[in-house]
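Keep in mind it's a predicted model, so treat the numbers as computed, not measured. The figures that follow rest on heavy atoms only: side chains count, while hydrogens, waters and symmetry mates do not.
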Amino acid sequence: MRVPLGALAGAAALTGALSFVLLAAAIGTDFWYIIDTEQLELSSLGARDPEGAANLSQPEPLSSHSGLWRTCRVQSPCTPLMNPFWQENVTVSESSRQLLTMHGTFVILLPLSLILMVFGGMTGFLSFLVRACLLLLLTGVLFLFGATVTLAGISVYIAYSAAAFQEALCLLEEKALLDQVDIRFGWSLALGWISFIAELLTGVAFLAAARELRLRRRQDQAI
């Protein structure tokens with residue numbers, strides 16, 4: 001089954017734009033990692049003496065949500081994460097240094113994928129405009145490479161989150177408290193996954209367009 005070249009161009013433009021917008025939104029938002037301590041706070045309030053509870057001030061919620069660059073508390077301003085590129089100027093443990101290295105890796109990879117999509121969009125527009133088969137092929141490879149970069153960035157972030165959780169677990173004295181804390185990945189990470197899929201489909205669309213254009217030219221030469 002052959003797909004019209006115009007349909008492939010429309011599909012590539014749609015998925016490419018969607019991938020760029022979603023990844024930009026994911027990078028710019030702070031809901032990659034969510035820590036919800038509401039259950040822990042309710043249980044601690046219930047354990048207090050009812051008579052003395054009225055004299056106690058309401059504790060500040062400990063729930064937070066984090067992005068690639070900063071972490072935010074419910075009633076506090078967001079605070080930036082430690083700059084991973086200044087680790088040579090600070091004294092940290094080896095495990096913390098590994099975390100900083102992983103942090104520096106994904107904050108480079110994910111914006112790099114955005115840059116690759118910008119170049120891919122320009123070459124893709126030019127390739128459809130001049131009907132250049134080789135340029136379509138190179139654009140498809142560029143988007144597939146960008147999707148690989150996005151996947152690598154997301155994977156490093158997940159590994160970084162798991163390593164940071166284990167680091168916090170080693171420092172926590174009362175590990176039973178974690179049973180009352182809801183820790184999960186947020187919708188910003190979901191946007192990154194959808195962007196990866198859309199970027200992958202964009203690369204496939206450009207490769208399919210290059211194949212379709214090559215078949216058309218062979219048919220024209222045969223005639």
Side-chain angles (χ1 to χ4, degrees), residues 1-34 65-70 72 102-162 184-221:
M1 178 180 178
R2 298 181 59 178
V3 182
L5 195 60
L8 290 172
L14 179 62
T15 55
L18 180 65
S19 177
F20 180 85
V21 170
L22 291 179
L23 186 57
I27 292 175
T29 51
D30 302 314
F31 290 87
W32 285 73
Y33 198 72
I34 299 174
H65 52 90
S66 304
L68 304 182
W69 323 98
R70 60 183 184 173
C72 304
M102 296 171 73
H103 183 201
T105 301
F106 64 73
V107 298
I108 289 176
L109 289 177
L110 293 174
L112 175 61
S113 181
L114 278 180
I115 297 174
L116 291 174
M117 278 192 273
V118 171
F119 281 105
M122 292 188 295
T123 57
F125 175 78
L126 184 62
S127 62
F128 276 115
L129 189 64
V130 300
R131 299 291 181 97
C133 183
L134 181 59
L135 196 55
L136 282 170
L137 183 63
L138 291 177
T139 304
V141 173
L142 181 61
F143 270 99
L144 291 180
F145 176 69
T148 304
V149 172
T150 302
L151 178 62
I154 294 175
S155 300
V156 172
Y157 178 81
I158 293 175
Y160 163 84
S161 301
R184 64 187 184 275
F185 292 110
W187 52 265
S188 296
L189 181 63
L191 292 182
W193 278 118
I194 299 173
S195 173
F196 159 70
I197 296 172
E199 195 172 1
L200 195 63
L201 292 176
T202 304
V204 171
F206 274 107
L207 294 180
R211 179 178 179 275
E212 176 65 23
L213 186 59
R214 189 185 308 113
L215 291 176
R216 286 189 179 185
R217 288 181 175 175
R218 287 180 179 177
Q219 289 180 350
D220 294 341
Q221 291 175 357

**Item:** Atom pair CZ/CG of R131 and L126 - distance to nearest 0.5 Å
**Value:** 13.0 Å
What pairs of donor and acceptor atoms, side-chain ones from residues 16-28 against any protein atom, are under 3.5 angstrom apart with sequence neighbours left out?
unit_1 : atom_1 : unit_2 : atom_2 : d
S19    : OG     : S195   : O      : 2.9
S19    : OG     : S195   : OG     : 3.1

**Request:** Let me see the working for W193 and I154 under side chain to side chain contact (heavy atoms under 4.5 Å, CB included), right down to the final yes or no.
**Result:** CA-CA 8 Å; W193 278 118; I154 294 175; 3.6 Å; yes
**Message:** I'd like to check Y157 versus Y33 (side-chain heavy atoms, cut-off strictly below 4.5 Å). Are they in contact?
**Reply:** yes
**Request:** To the nearest 0.5 Å, tell me how far M117 CE sits from L114 CG.
**Result:** 4.5 Å
**Minimum-distance pair of heavy atoms, taken over all atoms of W32 and S188** = CD1-CB, 3.3 Å
**Prompt:** Near F125 CZ, under 6.0 Å, is it more than 12 heavy atoms from other residues, nucleotides or ligands?
**Reply:** no
**Message:** A quick test of your reading: do over 12 heavy atoms of other residues, nucleotides or ligands sit less than 6.0 Å from CZ of F31?
**Reply:** yes
Between side-chain atoms of residues 104-113 and protein atoms elsewhere (two or more places apart, or another chain), which donor-acceptor pairs fall under 3.5 Å?
unit_1 : atom_1 : unit_2 : atom_2 : d
T105   : OG1    : T101   : O      : 2.8
S113   : OG     : G146   : O      : 3.2
S113   : OG     : T150   : OG1    : 2.4
S113   : OG     : E199   : OE1    : 3.3
S113   : OG     : E199   : OE2    : 3.3

**Fill in**
Heavy-atom closest pair (P4 atom, R216 atom, distance to 0.1 Å) is CA-NH2, 4.1 Å
Please output the side-chain donor-acceptor pairs of residues 136-143 that fall under 3.5 Å, not counting sequence neighbours, one pair per line with the distance.
unit_1 : atom_1 : unit_2 : atom_2 : d
T139   : OG1    : T123   : OG1    : 3.1
T139   : OG1    : L135   : O      : 2.7

**Complete:** Output for pair (S161 OG, R184 CZ), nearest 0.5 Å, gives 14.0 Å
**Item:** CZ (R70) with more than 12 external heavy atoms under 6.0 Å
**Value:** no
**Message:** Nearest 0.5 Å, please: how far is CZ in R218 from CG in L213?
**Reply:** 11.5 Å
**Prompt:** Which atoms form the tightest heavy-atom contact between F206 and S127, and what is the distance?
**Reply:** CE2-OG, 4.1 Å
**Request:** With rounding to the nearest 0.5 Å, note down the distance linking CG in L201 to CG in L144.
**Result:** 10.0 Å
**Complete:** CG (L151) and CG (L200) are apart, to the nearest 0.5 Å, by 9.0 Å
